[in-house]
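Worksheet: the structure to be examined is printed underneath.
Side chains included, hydrogens not; waters and symmetry mates left out as well; all remaining heavy atoms used. Residue numbers count from 1 along this sequence.
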Amino acid sequence: MTIRIEQALNQKLNTYAITNSLTVKWGFYQDNIEPSIIGLHLRQNMLKAETVTVGMEDTGSNDHNGIYQIMVCGEVGEPSGPLKTEVDSILAEFKRGQRITYNGATVIIEKAFEAPSLVSEAYQKVPVSIRYRAFLSN
């Protein structure tokens, strides 16, 4: 069931990336190996929280929430202006109160915020966290 939530958010990110000519590396924690992508790009990951049962009946709803994290990545040594501009654009794209519907699931964006930059040998990465909530039936 929760795959529909991730698909809704992924679809929105993919549309944004295509519109802005950006590459997305899907599932960036896969195998703990950092991909080698040149230039500004995005990576994503779902950080799911515990699901809360809203109703006790078989057809009741479940309250799903968590964080959809987008890493805005740029090469180390490059000017940070484009990276910061992209972070601001992502925050504007996933603004609070927005509803994203996909395959019968409606995801509500509760909050979007950025964290401090992380630096590895090849990349400077800025995590943008998008807190979401969705009510799905059993």
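Cluster membership for Ile130 and Leu91, using ILVMFWY side-chain heavy atoms within less than 4.5 angstrom, is shared. Hydrophobic clustering keeps Val128 apart from Ile108 (ILVMFWY residues linked when any side-chain heavy atoms are closer than 4.5 Å, directly or through intermediates). Taking hydrophobic clusters as Ile, Leu, Val, Met, Phe, Trp and Tyr residues chained together by side-chain heavy-atom distances below 4.5 Å, Leu83 shares a cluster with Tyr16. Residues Ile67 and Tyr102 are members of separate hydrophobic clusters, defined by side-chain heavy-atom contacts under 4.5 angstrom among Ile, Leu, Val, Met, Phe, Trp and Tyr.
Going from atom CD of Gln69 over to atom CE of Met46 covers 11.5 Å, rounded to the nearest 0.5 Å. Rounded to the nearest 0.5 Å, atoms CG (Leu40) and OG (Ser21) are 11.5 Å apart. Rounded to the nearest 0.5 angstrom, Ile70 CD1 and Leu13 CG are separated by 4.5 Å. A distance of 9.0 Å separates CE of Met71 from CG of Asn45, quoted to the nearest 0.5 Å.
Closest heavy-atom contact between Pro116 and Pro127: O-CD, 3.4 Å. The two residues Ala115 and Val126 come nearest to each other via the heavy atoms O-CG1, 3.7 Å. Val107 and Ala8 get closest at one heavy-atom pair: CG2-CB, 3.9 Å. Minimum heavy-atom separation, His41 to Gly39: ND1-O, 3.0 Å.
When the side chain to side chain donor-acceptor pair (under 3.5 Å) test is applied to Ser117, the partners found at least two apart in sequence or on another chain are Gln124. Legend: residues meeting side chain to side chain donor-acceptor pair (under 3.5 Å) with Thr101, ordered by chain and number and at least two apart, are Thr106. In this view, Gln98 and Lys12, Lys95, Ile100, Ile109 satisfy the side chain to side chain contact (heavy atoms under 4.5 Å, CB included) rule, not counting sequence neighbours. Partners of Glu110 under the salt bridge (charged side-chain N to carboxylate O under 4.0 Å, His left out) rule, at least two apart in sequence or in another chain, are Arg133.
Ring orientation note: the planes of Tyr68 and Phe94 are tilted relative to one another, at an angle of 30° to 60°.
Looking only at distances, no side-chain donor or acceptor of Asn14 sits under 3.5 Å from a matching main-chain atom of Asn10.
Counting only residues at least two apart or in different chains, salt bridge (Lys or Arg N to Asp or Glu O under 4.0 Å) contacts with residues 66-75 are absent.
Grouped by direct or indirect side-chain proximity (heavy atoms under 4.5 Å, Ile/Leu/Val/Met/Phe/Trp/Tyr only), Val119 sits with Val76.
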